[in-house]
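Since the structure comes first, as structure tokens, the remarks are kept for the end.
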Amino acid sequence: MIPGQLDNGRIPSLRWRLLRLISIATLLIVGLAAALTYRQARLEIRELMDGQLAKFARILLAQAQTGPEHLADLPVMMANPRGLRSRRNELTLEYQIGRTDGTLLAHSAKAPAKGLNSELGFSNIEVEGHPWRSLIIETTDGAYRVQVAQSIVQRNKEALEISVKTVQPLLVLFPLLLLAIYFSIRRGLKPLDDLATDVSTRSSENLSPINSGATPREVQPLLAAINRLLFRLSGSLENERRFTADAAHELRTPLAAVRIQAQVALLSEDPDQRRHALNQTLAGLDRSTRLVEQLLRLARLDPLSQLPDTKPVSLVD
């Protein structure tokens, strides 16, 4: 892999990690809220249905108190109203009207065959293997009784349908919530992208500290470390430039002397003078070699590399 090139296939993405964790937490919260909403909706719907039973029972009891002579035609009149369109899976109310001694005065077509002499109030009864929610009330003088019943199977279906419709908005809004979370995370991590762009555009000619004005507080330690690295890198490059200049200056004089002695040896006709010039040339080369070795040793020497924990100290103390 090319140095400095990111392997996006192996490096985990912080953006997707945050999105995954927040999405899971949001899903759990939305699921819990949906479950609680569904449970509460079913309880409210059942209480509402019991209220309908009570209202209908009071109306029928009032009809019975006006006189029993018209109760025989009551089921037919209630079964054939005009202007009312029946609904699929309509939650029907079945009823019985009679006297406290068990005499039956009127009843609907599918009313459960359960005697009117049962206990007053709400109860769950079972007739021929079919469960019913029943309410029995009577007049203050005890002359008439009314029983109103609903099929528990139909009640549960109705409660389930209404409860699901109550929870559906949460399920529909969940993808929109995930989309909002994604764009929020992308917007929130934009300073990191800007920081990466700023660092990637730097070169050896521009090692000035990165401005931390618009950087979030959580990124400040990383930015401080990058600025310290840039400062050390700038110092290292400055030391290299200074070393190069010093090395060139130190080598210029002995090399010039070696050149002069070599020219003297070439131009001289006296053997003793030529030998002396050659000896001076070798001595100059030896001095240049030692100087080069000292400069290389100095370049490789890092006086802080062996110190485990460096910190400023007071020389006065």
When you compare the side chain of Ile125 with that of Gln147, does any pair of heavy atoms fall below 4.5 Å? yes

How far apart are the closest heavy atoms of Leu178 and Ser23, and which atoms are they? CD2-OG, 3.3 Å

Who are the ring pair (Phe, Tyr, Trp, His ring centres under 6.0 Å) partners of His130, not counting sequence neighbours? Trp132

Phe174 side, atom CZ; Leu27 side, atom CG - distance, nearest 0.5 Å: 4.0 Å

Do you reckon Leu179 sits in the same ILVMFWY cluster as Ile181, going by side-chain contacts under 4.5 Å, direct or chained? yes

Drop me the distance from Leu18's CG to Ser184's OG, to the nearest 0.5 angstrom. 11.5 Å

Taking salt bridge (Lys or Arg N to Asp or Glu O under 4.0 Å) as the test, write out the residues that go with Glu138, two or more places apart. Arg145

Separation between CG (Leu53) and CZ (Arg58), nearest 0.5 Å, reads 11.0 Å

Charged N to carboxylate O under 4.0 angstrom, Asp50 versus Lys55? no

What I'd like to find out is whether the side chain of Val148 reaches to under 4.5 Å of the side chain of Val146, using heavy atoms alone. yes

Hey, what do you get for CG (Leu60) to OH (Tyr95), rounding to the nearest 0.5 Å? 7.0 Å

Give, for atom OG1 of Thr281 and atom CG of Leu266, the distance between the pair rounded to the nearest 0.5 Å. 8.5 Å

Do Tyr182 and Arg186 touch side chain to side chain, with heavy atoms closer than 4.5 Å? yes

Checking Arg155 against Gln150: is there a side-chain donor and acceptor pair closer than 3.5 Å? yes

Any side-chain heavy-atom pair of Leu278 and Arg275 under 4.5 Å: no

Using a cut-off of 6.0 Å, state whether more than 12 heavy atoms not belonging to Arg241 lie near its atom CZ. yes

With a 4.5 Å cut-off on side-chain heavy-atom distances among I, L, V, M, F, W and Y, is there a chain of contacts connecting Leu267 to Val264? no

Run the ring pair (Phe, Tyr, Trp, His ring centres under 6.0 Å) test against Phe122 and tell me which residues pass, sequence neighbours left out. none

Taking atom CD1 of Ile59 and atom CG of Leu93, what is their separation to the nearest 0.5 Å? 10.0 Å

Validation row: Glu126, Ile152 side chains within 4.5 angstrom (heavy atoms): no

